[in-house]
Each structure stands twice: as C-alpha cells, then as structure tokens.
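One is the number of the first residue; the rest follow in order along the sequence.
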Amino acid sequence: MISKAEIRPGDGWRYLFRGVMVGDGHRPAGKSLRAAQDEAGVPPGVWKGRGLAAVGLTAGDVVTERQAELLLGEGRHPDADRIERELLAQGKSPAQARRATVLGRPIEHNQSPKTDKAKERTPWLGFDLTFRPPPTAHIAWALGDYHTRLVLELCQDIARDKTLAWLEESVAEIRWKGGGKHRARVKDGLIVAVFRHYESRAAESKPLLHDHAEVSIRARRPDDKGTWGNLSADSLMAHIVAADTLYTLYFMEEVSARLGWAWEPREVTPGRRPVMDIAGIDQRLIGWQSTRRQQIEDALPVLTAKYEEKQGHPPGERAAYALGCQAADQTRPPKRTELLSLTELRERWRDSAIQAYGADVVDRLAERARAAAAAVWARVRPVVDITLAAVDVVAVVYVMRGAFKRHHLLAEARRHLAYVLRGRPHQPGLDEQIVQAVVDDYTRPVGRGRMMTADLRALYPRDTEDQAVLRPLTRKRTAPPYERARLAAGALRARVHAVRRADRLGSRSRPHAVAVPAAPRSRLRPTRTDRKAGRVPEQATDVAAMDQTRATFEAAAAKMAAKLQDGVRDRAVAHGPRPQPTPTHTQQPGAQPPPGRTTGVA
C-alpha cells in the first residue's frame, strides 16, 4: 500500500533529515548523513524521476545531504551553492545570486505578514509517499533465501518506479495564477528522492520492506521560458488510492512472473476489503510479523465505538481510514537506539520464526508457495470480462460512495484486476477500458466537479427508477459497506448473465420450420342493424383456410414418412437383414406376462 505525508519547513523537514534518511533511526547532531546510514544498515538514497535533467541530475545518483537540504528543505536548486558562486563572481549581488537559485516562489514570501491564510505561511515543499508490499511479501523477503530476497527487492523497485511514472505522466499537474486557476501537465516530470528501509517501528524489530519516496513539489511549467512552479497538491492526493492499487497490481505481477507464486484474497476484518497475500504462506507468520498492526487493531475498536456513539452509524470507508491513522498515531512507539545490519536482522528474524513455529515452516516456505500457486492456477481462470468487471466496479463504488469521480472507478477497476488475475499480467490500458465502459454505460453526471453516479437503465430498461435494485442495499446500515457492495455486485452480475442468456435464446433459429400459407383477410362486414347497435360481430372462421392448412400438414407428414421408409429400405439392401437376438425365455401359450412388462410393441 501507499501512505502519504507532507513535507513542510520546520518539523517536517527535521523529521525527513533525522529519521527518514537514516532508516527511521536516530541521527545524532553533527554526524554526517552517509555515516548515519552506514551505522543504521540502510542504503543511501537515490534520485528518481524524469524531471532530474532540468536540475542537472541523473536517475540513480546518490542523494547527498546538501542536495536534499536545498531542494526538499528550501525549495532551491540542488546545486545552488555552485550557481551562487558563479553569479557572485560575475558581479551579481548576494540577493540576486540567491534569487537565481530559487525554483518558483521563495518560501520567504509565504512567511510574510501579508499572507492571509495561516496554512500558506508554512508552504509545502514535498510529499512523502511510502510504498509497502503486502504482509506475506515481507515474510518471504525476511525468511527466504538470498535469491528470493534479491528478487523481491527487484519487484519492489519495478513496481515503485512504474507507479511513480504513472503519477508524473497521468496525474501530476502544475498550477499558477491566483488560486491555481490555470493547470497543465508538468513539462519534464517529477524529482523524487527514494530511501529504502528494512524494519518496522515496533518495539521488537520486525521485517518491513518499504521505500520512502520524497516527491519535490517544484516542477517546470509547460512554457518556453522554463519557469518553475508548484505541483497541484489536491490532484496528487486525490489519486493516491488509485496509485496504491496500481502499485499492488504491478508488484503482484512481478512476483508471479519471477518466482512463479500466486495470490489469494485474505479477509483481515470481517465485512471489510480483503488484502491480497501470497498463496501458501503460513498464516501464523503474518501474526508473527505484524506486531505493529496488532497494536493498531487493539486501539481501533475504542475509536470506532466513540465514532458510532457520536455519529449514530458505523464509519464508512473514508472515516475508517481516518480512524486507522489516528490509532497509528496513538500507538506509535519511540524510535529504537539499537541499529543492526540487514544480515544481522535476517538472522535474528529467522531464529525468532523457527523458535516460534519450527524449522519446517520456515525452510519449506518457497516450496509450499509454489505448490499453492499450482493449485490456484488450476482453480482460477485469469480471464477478464470487461462487461462483468464494469458492473462489479460501478456497484462497489456506488454503494461505498454514492457519488464518485473517475479516479474512484480507476482504483476499484485495478482492485478487480488484482482479484481476477491473481498475479497474471494484465494488458496495458485494460483498467482504463473498464473505467470507460462504466462511464459510457452505467453512469450519469450529477452535481458539480465532474461527479457522477450509477445509472442502470442499460440493464433495467423498463425500470422507471433505475437505482431500485441498489437502493435497498444502500439503506441496510446494519451490514458493513463493503459487504453490501459485494451483494450489489452479485445482483448486477446475475442481471448481465440473464440478459446474455435471453439474447442467446432469442437469436436461435427454429429447426424444421414448415411454411404455412397465410389465411385470407376477408372479414364479414357488419350488417346495418349491428352497426346501429354499436356491436361488431366476432371474426368468422374461414373453413377453406383451415382445410388447406390441414392438407399442407398431412402432405408434409406423408412426405417425411415416405423418406423414412425409403431410408430403411436402402439400408436393408446395402447391409442385409440384421441378426435377431436369441430370446432368453419362452412365453408359454396361455400364460399371462408378468406385471410391468409387455410383449408387444406400441
């Protein structure tokens, strides 16, 4: 999954430099970044993104402390020191030299008393996007052999980079003018600093392979001047869930392609969305690994009960996510002081798992995953039906949200692909095809801001209230929202199958059709007396037409009987008489046949 946080001057900037960049550890004052990373056992950060060329960087370069301080801490060029020295040598003033290194608006402008809104006094400098694979991937990475560990780290790299590429190509927008009225795609791309971590923040060290992607808010405008501006924060934050589902989909495909493993859904909380886990991984290891998750789940019921008492109903999807973040903040433990290398951590994790569940569970982890994958592929057909996927997506999103936007449909379409394919690769653009089918056939615009809602007239053309099939499910507050959404999706899929069955039956041609001549249309004219009385006599029966129809049927039947007799005669001449079977018993003269049996042929 992908979680997000903001980077602002002050506490956000200090947390980035003293925690994130050194593996969520504690960086003493005065210690260099590289020395702190070596002591924490984490690799140095690297630069990513297509926007690096605009600031003279290359993808894969190591992130230095000064570069991160300038770009992510001050909003300036990563090589601002060299640029300032050159401009000062040319005779520029210190203020002019500094202003030339600022990308976009200086942060000093926001700290001015002329700024009206308080939130603008602490401007955004970046976004912290944390990429975490599913729980069973952490287990396989921590307890598997050296080859498995390297492959899973490669899968993490590929899935993360593809997701970042989708964000900068399809989502990232730059804004300018008052209130961000003018928006357009960024000219080059994003500038991202990626830091890899290996542990969770639990009191006891547990495996948690995850990456922190620090996305700079500075980007170039699509003009010829090469000016800089800020990314649209609301556009990027609105697509985080869609990016999360895309990252999970890519990671599942890479693992299945490189290790031959399959994926299965696992229900963590009854009535909530399931998570996709590697098939064959012992479920007990999930509880061993997710100590931090258990702490959050222990605190969540108390917060949920308070919410229900105050609001009068269970929390929805958005409220449940907010409650989960609140529980995580309340149970956040202090940072550890003991720092170990990855080799030492893997040895400790392996000994802990063997002591808890035995060596057989740990040593045969990959073998059982491959055996479970074979069973999954034999049971599940990785076939995507766009129509069924569209009705599934629109039902779930409508029940969960009521009114929605395109990025909500895109996130649910990617969840559908992950569930159906179970790790098999999907055709590029298939998620967009599903969303377009939903928009074209099963939605209608509502409200403002490109909002839409479900429109089921394509499935229920005679229903004057096109939402009648879903309204009882949305009103059933006793059931969790996702459970009601699955019921609605099942109802719509049944309707699609019924429509397809009716179309197949209606398109079949009737065999052995016999042409019947049409009856004459002559009717008995009403008499003058009947016309005056206002009564019209019933249509008279045409006796001649009935005789002609009966004669036609009799002729056809006689023709068919003659063909059958000719066929029997031809076979008898060609093959000779068939041998008669020897009777097993002889009927005595005058004896009656036993009950239930006959001696003749009807």
Is there a donor-acceptor contact under 3.5 Å from the side chain of [X] to the main chain of [Y]?
X    : Y    : answer
S235 : E173 : no
H408 : K405 : yes
T148 : G144 : no
H407 : A238 : yes
S170 : L167 : no

Working to the nearest 0.5 Å, report the span between [atom1] of [X] and [atom2] of [Y].
X    : Y    : atom1 : atom2 : answer
R82  : T101 : CZ    : OG1   : 11.5 Å
L209 : L342 : CG    : CG    : 9.0 Å
E214 : L129 : CD    : CG    : 8.0 Å
Q311 : K306 : CD    : NZ    : 14.0 Å
M252 : T248 : CE    : OG1   : 8.0 Å
I278 : L259 : CD1   : CG    : 8.0 Å

Any salt bridge linking [X] with [Y]? Criterion: basic side-chain nitrogen under 4.0 Å from a carboxylate oxygen.
X    : Y    : result
K48  : D157 : no
D277 : R266 : yes
R401 : E412 : no
D392 : R486 : yes
E84  : R76  : yes
R348 : E344 : no
D128 : K4   : no

Taking the side chain as every heavy atom from C-beta outward, state whether [X] and [Y] have any pair of such atoms under 4.5 Å apart.
X    : Y    : value
R415 : R273 : yes
V46  : D61  : no
R221 : W228 : no
V275 : P134 : no
L410 : E432 : yes
T136 : W261 : no
H197 : H212 : yes
R99  : P106 : yes

**Study point:** Chi angles and distances behind the side-chain contact (heavy atoms from CB on, under 4.5 Å) call for D282, I139
**Key:** CA-CA 10 Å; D282 198 319; I139 297 171; over 6 Å; no
Quick check: closest heavy atoms across [X] and [Y], and the distance to 0.1 Å?
X    : Y    : result
A193 : V63  : CB-CG2, 3.9 Å
R196 : V42  : O-CB, 3.8 Å
L152 : A137 : CD1-O, 3.8 Å
T163 : L246 : OG1-C, 4.2 Å
I7   : L72  : CG2-O, 4.0 Å
A485 : V396 : CB-CA, 3.7 Å

When you compare the side chains of [X] and [Y], does any donor N or O come within less than 3.5 Å of an acceptor on the partner?
X    : Y    : value
S256 : E253 : no
N230 : R105 : no
Q156 : R132 : no

Check your understanding: Between Y198 and W141, is the ring centre distance below 6.0 Å?
Key -> yes
Review point. F404 and Y398: aromatic ring centres closer than 6.0 Å?
Key: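 No.
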Point to revise | Test log, rule side-chain contact (heavy atoms from CB on, under 4.5 Å), inputs I158 and R258 | key: CA-CA 12 Å; I158 295 175; R258 299 177 184 276; 3.3 Å; yes
Exercise for review: Anything under 30° is parallel, anything over 60° is perpendicular, the rest tilted; go ahead and classify F251 against Y247.
Suggested key: tilted
Point to revise | Parallel, tilted or perpendicular: rings of H426 and Y250 (30°, 60°) | key: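 Plane angle between 30° and 60°, so tilted.
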Review point. Would I174 and S232 satisfy side-chain contact (heavy atoms from CB on, under 4.5 Å), going step by step from the backbone distance to the final call?
Key: CA-CA 5 Å; I174 194 167; S232 174; over 6 Å; no
Point to revise | Aromatic Y419 / basic R422 pairing, under 6.0 angstrom, 45° off normal | key: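 Relative to the ring axis of Y419, which defines the angle, R422 lies inside both limits.
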**Study point:** Verdict with supporting geometry, R50 and D188, salt bridge (charged side-chain N to carboxylate O under 4.0 Å, His left out)
**Key:** CA-CA 6 Å; R50 296 186 307 172; D188 305 305; over 6 Å; no
Practice item. Please say whether more than 12 non-hydrogen atoms of neighbouring residues, nucleotides or ligands are located less than 6.0 Å from CD in Q283. Key: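 Yes, enclosed.
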Exercise for review: Step by step, work out the side-chain contact (heavy atoms from CB on, under 4.5 Å) result for L71 and H77.
Suggested key: CA-CA 6 Å; L71 180 63; H77 195 285; over 6 Å; no
